[in-house]
Amino acid sequence: MRVLVGAYLRQLREDSGLTGAEAGAPLHLGEPAITGMELGRVVLDERDVLALLSRYGIHDAQERAALLARVRETNAPGRSHSYSDVTPNWFQRYLSLQARASLIRTYEVQSVPGLLQTEAYARAVVPRRVRQRLAQQQVLNRPDPPKLWALVHEAALRRPVGGRAVMRDQLEALIAVVTKSPNVRLQVLPVAAGGHATAGGSFTILRFPEPDLPDMVYLEQLTSALYLHSRADIDFYFHAANRLFVEAAPLRDTAGILERIIDDLRPPRRTRTPRNEGHPR
């Protein structure tokens with residue numbers, strides 16, 4: 001929530017046309033302090049937040065009260081994370097954001113999306129975080145689950161992660177999800193599509209139920225992650241995602257594509273070599 005409140009404050013500042021230094025100067029807040037607030041890196045002070053709202057021309061009592069409630073939520077003692085021993089802080093931050101999202105749009109080029117991985121597949125991808133990965137997936141089974149709209153490159157589905165048997169089971173699990181889960185959509189970007197809208201790699205766009213909170217883009221790297229929430233970045237990835245989903249195979253074709261890949265992953269049948277019995281002379 002601290003990240004979301006910070007993103008909202010940044011959006012208000014940009015809408016007002018102020019730089020960080022200009023926004024903080026009358027409040028005796030330096031630009032680093034404003035940046036820390038906007039990135040969710042510092043504890044939010046209610047007085048500073050109210051002063052910034054006034055600075056940005058937000059005087060509606062209801063809007064100010066709603067944001068203050070979220071500020072108080074950010075300062076409430078947090079629950080200990082059950083998987084903190086194997087989950088880095090930058091990924092714990094993403095899990096918290098994902099749990100609050102109402103819509104998750106993700107594009108994966110290397111692997112099956114984490115929310116849709118089987119236990120055996122996850123063990124091959126993140127061996128030390130299998131329990132955390134399975135617990136993460138429960139967000140799709142809660143009473144008010146987010147909508148997941150996933151796009152996976154065909155090459156990722158043909159890569160036999162964990163071996164052919166594990167991959168076949170994973171693909172069968174995907175078929176079950178797309179045919180039985182109304183809140184999950186899965187499309188495949190065919191290899192034959194060639195060049196596509198983004199060559200930069202995987203990304204996820206999170207949308208939150210609170211209408212005043214901006215979307216957020218998540219870019220995972222090997223040892224860290226980027227969280228983008230400026231309007232320019234959001235617009236760029238939003239349009240890139242739209243183009244990718246248009247270039248992908250239609251939703252109605254997903255199950256058929258997965259079934260064909262499963263067939264391709266089956267071991268070839270052994271052909272019996274006929275014995276040469278010969279003919280007596």
Side-chain angles (χ1 to χ4, degrees), residues 1-81 84 87-106 139 146 203-221 223-238 241:
M1 180 54 71
R2 184 183 299 169
V3 175
L4 299 179
V5 171
Y8 179 60
L9 290 173
R10 176 173 177 167
Q11 180 177 303
L12 292 178
R13 177 179 60 77
E14 291 178 344
D15 289 345
S16 68
L18 297 173
T19 65
E22 292 169 342
L27 313 177
H28 305 290
L29 294 173
E31 187 170 12
I34 297 296
T35 300
M37 294 171 67
E38 293 179 350
L39 294 178
R41 293 176 177 170
V42 299
V43 175
L44 296 170
D45 184 279
E46 292 185 29
R47 292 170 298 178
D48 291 340
V49 171
L50 285 173
L52 285 174
L53 290 178
S54 299
R55 182 83 170 119
Y56 301 148
I58 306 299
H59 302 291
D60 181 80
Q62 187 174 357
E63 185 174 356
R64 291 165 70 94
L67 188 64
L68 275 186
R70 297 192 185 116
V71 170
R72 295 187 186 107
E73 185 179 346
T74 71
N75 296 332
R79 292 176 298 178
S80 60
H81 199 291
S84 57
T87 307
N89 290 335
W90 54 265
F91 190 62
Q92 289 188 41
R93 183 181 182 189
Y94 172 71
L95 294 179
S96 299
L97 290 166
Q98 184 188 74
R100 300 193 70 100
S102 58
L103 173 63
I104 304 168
R105 301 177 77 191
T106 186
V139 70
F203 64 87
T204 298
I205 305 175
L206 301 177
R207 176 161 293 174
F208 304 96
E210 298 86 352
D212 56 339
L213 295 179
D215 294 351
M216 182 165 294
V217 174
Y218 172 74
L219 305 175
E220 187 169 322
Q221 301 172 334
T223 57
S224 63
L226 294 177
Y227 296 84
L228 309 179
H229 43 66
S230 72
R231 180 160 295 171
D233 289 332
I234 296 298
D235 288 345
F236 178 86
Y237 280 93
F238 179 81

TODO: Apply side chain to side chain contact (heavy atoms under 4.5 Å, CB included) to the pair D48 and L27, showing each step before the final yes or no.
DONE: CA-CA 8 Å; D48 291 340; L27 313 177; 5.9 Å; no
Open item on the list: Could you go through E210 and R100, starting from their C-alpha distance and side-chain angles, then the distance that decides it, and tell me whether this counts as side chain to side chain contact (heavy atoms under 4.5 Å, CB included)?
Closed with: CA-CA 10 Å; E210 298 86 352; R100 300 193 70 100; 3.6 Å; yes
TODO: Would you check, one step at a time, whether the test side chain to side chain contact (heavy atoms under 4.5 Å, CB included) holds for L97 with F208?
DONE: CA-CA 9 Å; L97 290 166; F208 304 96; 4.1 Å; yes
Open item on the list: Quick one, S54 with R64, criterion side chain to side chain donor-acceptor pair (under 3.5 Å). Give me CA distance, side-chain angles, the key distance, then yes/no.
Closed with: CA-CA 9 Å; S54 299; R64 291 165 70 94; 3.1 Å; yes
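Closest approach of Q11 to P214, counting heavy atoms only: OE1-CB, 3.2 Å.
Surrounding CZ of R93 are more than 12 heavy atoms belonging to other residues, nucleotides or ligands, all under 6.0 Å away.
Under a 4.0 Å N-O distance rule, the pair R231/E14 does not qualify as a salt bridge.
Residues L68 and R72 meet the side-chain proximity criterion, which asks for heavy atoms closer than 4.5 Å. Contact annotation: the side chain of L52 approaches that of I34 to within less than 4.5 Å [non-hydrogen atoms, C-beta and beyond].
Between the Y227 side chain and the W90 main chain, a donor and an acceptor come within less than 3.5 Å of each other. Panel note: side chain R55, backbone E22; a donor-acceptor pair is recorded below 3.5 Å.
If you take OG on S230 and CD on E38, they are separated by 10.5 Å, rounding to the nearest 0.5 Å. Taken to the nearest 0.5 Å, the OG1 atom of T35 stands 8.5 Å off from the CZ atom of R10. Interatomic distance, CZ of R70 versus CG of L213, reported as 4.5 Å (0.5 Å rounding). The OG atom of S224 sits 13.0 Å away from the CZ atom of F91 when rounded to the nearest 0.5 Å. Rounding to the nearest 0.5 Å gives a distance of 5.0 Å between CG of L228 and CG of L219. The structure places CG of L206 at 9.0 Å from CG of L4, a figure rounded to the nearest 0.5 Å.
In summary, the aromatic rings of F203 and Y218 are positioned with their centroids too far apart to meet the 6.0 Å limit.
When the options V43, V49, L9 are evaluated for a side chain to side chain contact (heavy atoms under 4.5 Å, CB included) with V71, the one that passes is V49.
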